[in-house]
Amino acid sequence: MTQHEMLRIVQSQLATDLNCSPDDFNRDGFVFCEAKENPGRRPFPRGERHFDMLTMGSAVIVSATPDILPFLREQLDGKNRYDAFNMPFVHGQGLYFLPDNPQPLPMPNGFEVKRLERNEIMKLYDLYQRDDFSNAIQFDPNHPRPDVLAVLAMEGGKAAGMAGASADCGMMWQIGIDVRTEYRNRGIAAALTNRLAIEILERGKIPYYAAAICNIASQRTAYRAGFKPAWACVYRGRFDDTLTSPTG
């Protein structure tokens with residue numbers, strides 16, 4: 001698939017998640033939407049007061065439950081994109097990456113790569129501690145975003161690192177990566193992420209990668225693996241007594 005086709009598929013999925021139109025991402029200014037449980041949305045958990053704010057570089061899409069949507073409209077009136085992402089109610093920001101024609105990276109010398117399909121991944125839940133590879137796999141056979149593919153860097157029978165893909169929706173598989181502390185800074189994270197991204201693309205799916213704004217090491221891994229930034233999103237809001245009430 002071309003970069004344009006990939007982007008349109010992603011915009012269509014994000015529009016489903018946010019309850020907006022795919023064309024809204026290319027508009028100017030703010031687009032406000034009421035959050036809804038649309039069929040096909042990525043099954044990330046939502047609280048009673050749900051809030052998403054996302055930009056792909058042009059419009060800022062604000063999607064929220066009806067009780068806080070008027071408050072957000074009022075607070076963001078006259079603001080620009082930079083102001084919006086620094087408002088007091090913003091709590092948690094992520095940068096999201098899409099592949100940019102990734103070319104194969106070599107695995108550092110001394111490591112063997114092992115690929116596991118969905119049924120094989122479940123066996124890892126009993127082999128490893130959650131703390132070692134919680135970013136790579138879900139450790140839950142009934143998770144709504146199931147583990148579907150993983151690649152491991154092995155040294156002498158020991159897993160030094162793991163990249164895993166969860167099927168977040170029909171076309172978009174999210175990559176998570178973990179490398180044990182003693183094996184870091186050797187290029188394993190980028191090589192595994194790159195290998196997994198290429199595997200996903202060969203299966204006709206879209207790999208994507210997420211990193212917190214403050215996680216510079218993770219963002220470097222994304223760049224080295226052949227990804228580029230595609231959107232920024234506020235994934236959590238803070239609406240409590242320390243802020244103006246939507247009805248106050």
Between Phe85 and Gln93, does a side chain to side chain contact (heavy atoms under 4.5 Å, CB included) hold up when you go through it step by step?
-> CA-CA 8 Å; Phe85 278 75; Gln93 298 185 33; 3.6 Å; yes
Would Glu120 and Lys114 satisfy salt bridge (charged side-chain N to carboxylate O under 4.0 Å, His left out), going step by step from the backbone distance to the final call?
-> CA-CA 11 Å; Glu120 298 172 301; Lys114 184 177 181 180; over 6 Å; no
In sequence, state the C-alpha distance, the side-chain angles, and the governing distance for Met1 and Arg8, and then conclude on side chain to side chain contact (heavy atoms under 4.5 Å, CB included).
-> CA-CA 11 Å; Met1 91 184 57; Arg8 291 303 294 173; over 6 Å; no
For Asp140 and Arg130, what are the C-alpha separation, side-chain angles and deciding distance, and is it a salt bridge (charged side-chain N to carboxylate O under 4.0 Å, His left out)?
-> CA-CA 10 Å; Asp140 180 358; Arg130 182 183 292 269; over 6 Å; no
Verdict with reasoning, Glu155 to Tyr183, per side-chain hydrogen bond (donor to acceptor under 3.5 Å, both in side chains) = CA-CA 10 Å; Glu155 183 187 50; Tyr183 292 101; 2.9 Å; yes
Chi angles and distances behind the side chain to side chain contact (heavy atoms under 4.5 Å, CB included) call for Arg27, Asp23 = CA-CA 7 Å; Arg27 302 184 190 280; Asp23 293 332; 4.3 Å; yes
Ile61 and Cys33: CA distance, side-chain angles, deciding distance, side chain to side chain contact (heavy atoms under 4.5 Å, CB included) verdict | CA-CA 7 Å; Ile61 312 297; Cys33 312; 4.1 Å; yes
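By the neighbour-count criterion of 12 heavy atoms within 6.0 Å, atom CD of Glu48 is sparsely surrounded, having that number or fewer from other residues, nucleotides or ligands. In the displayed structure, Lys158 atom NZ is contacted under 6.0 Å by more than 12 heavy atoms of other residues, nucleotides or ligands. Within 6.0 Å of CZ in Arg42 there are more than 12 heavy atoms belonging to other residues, nucleotides or ligands. Applying the 6.0 Å contact sphere to CD of Glu182 captures more than 12 heavy atoms from other residues, nucleotides or ligands.
Judged by distance alone, the side chain of Arg81 and the main-chain N or O of Val60 form no donor-acceptor pair under 3.5 Å. The closest donor-acceptor contact from the side chain of Asp147 to the backbone of Ile137 lies at 3.5 Å or more, if one exists at all. Under a 3.5 Å cut-off, the side chain of Gln174 and the backbone N or O of Asp168 do not form any donor-acceptor pair. Arg41 contributes no side-chain N or O that, together with a main-chain N or O of Ala15, makes up a donor-acceptor pair within less than 3.5 Å. For the pair Asn194 (side chain) and Gln103 (backbone), a donor-acceptor distance under 3.5 Å is present. Remark: the backbone N or O of Asp83 is not paired with any side-chain donor or acceptor of Asn86 at under 3.5 angstrom. Of the possible polar contacts, none joining the Thr65 side chain to the Asp67 backbone as a donor-acceptor pair under 3.5 Å is found. Gln13 contributes a side-chain N or O that, together with a main-chain N or O of Gly40, makes up a donor-acceptor pair within less than 3.5 Å. No side-chain donor-acceptor contact under 3.5 Å links Arg49 to the backbone of Ile68. Proximity of a side-chain donor or acceptor of Asn19 to a complementary backbone N or O of Ser63 within less than 3.5 Å is not detected.
Residues Tyr128 and Ile175 do not share a hydrophobic cluster, clusters being chains of Ile/Leu/Val/Met/Phe/Trp/Tyr side chains in contact below 4.5 Å. By the criterion of side-chain heavy atoms lying less than 4.5 angstrom apart, applied directly or through intervening Ile, Leu, Val, Met, Phe, Trp or Tyr residues, Met172 is grouped together with Met6 in one hydrophobic cluster. No path of Ile, Leu, Val, Met, Phe, Trp and Tyr side chains, each step under 4.5 Å between heavy atoms, connects Met154 with Leu105, placing them in separate hydrophobic clusters. Side-chain heavy atoms closer than 4.5 Å link hydrophobic residues (I, L, V, M, F, W, Y) into clusters, and following such links, possibly through other members, connects Tyr208 to Leu18. Cluster annotation: Val179 and Met162 are assigned to distinct hydrophobic clusters (Ile/Leu/Val/Met/Phe/Trp/Tyr, side-chain heavy-atom contacts under 4.5 Å, transitive).
Distance CG/Leu76 to CZ/Phe71: 8.5 Å, rounded to 0.5 Å. Cys233 contributes atom SG, which lies 8.5 Å from atom CE of Met53 (distance to the nearest 0.5 angstrom). Atom NE2 of His50 is separated from atom CD of Glu34 by 12.0 Å, given to the nearest 0.5 angstrom. Atom CD in Gln11 sits 5.0 Å away from atom CG in Asn26 (nearest 0.5 Å). Note: Arg203 CZ to Lys205 NZ = 10.5 Å, rounded to the nearest 0.5 Å. Remark: Asp132 CG to Asn135 CG distance equals 11.0 Å, nearest 0.5 Å.
Across every non-hydrogen atom of Ser218 and Ala210, the tightest pair is OG-O, 4.2 Å. When all heavy atoms are compared, the tightest approach of Ser134 to Asp178 is N-OD2, 3.3 Å. Considering all non-hydrogen atoms of both residues, Gln138 and Ser166 come closest at NE2-CB, 3.5 Å. Of all heavy-atom pairs between Pro22 and Ser12, the closest is CG-CA, 4.0 Å. In terms of heavy-atom proximity, Ala159 sits nearest to Phe133 at O-CZ, 3.8 Å. Listed here is the closest heavy atom pair of Pro207 and Leu201: CD-CD2, 3.6 Å.
At least one side-chain heavy atom of Ile198 sits under 4.5 Å from a side-chain heavy atom of Glu202. Side-chain contact between Trp231 and Val10 is present, with heavy atoms from C-beta onward closer than 4.5 Å. Contact annotation: the side chain of Thr193 never approaches that of Leu196 to less than 4.5 Å [non-hydrogen atoms, C-beta and beyond]. Under the 4.5 Å side-chain criterion, counting only non-hydrogen atoms from C-beta, Ile206 is not in contact with Trp173. For the pair Phe30 and Arg73, the minimum side-chain heavy-atom distance is 4.5 Å or more. Side-chain contact check for Leu149 versus Glu199: some heavy-atom pair is nearer than 4.5 Å. Within the 4.5 Å cutoff, the side chain of Glu37 has heavy atoms near those of the Arg46 side chain. A heavy-atom distance below 4.5 Å is found between the side chains of Pro43 and Arg145.
Ring pair Phe89/Phe51: centre-to-centre distance below 6.0 Å.
Ring geometry, Phe97 versus Tyr209: the interplanar angle exceeds 60°, so the pair is classed perpendicular (tilted spans 30 to 60°).
Using a 4.0 Å cut-off between charged side-chain N and carboxylate O, Arg180 and Asp131 make no salt bridge.
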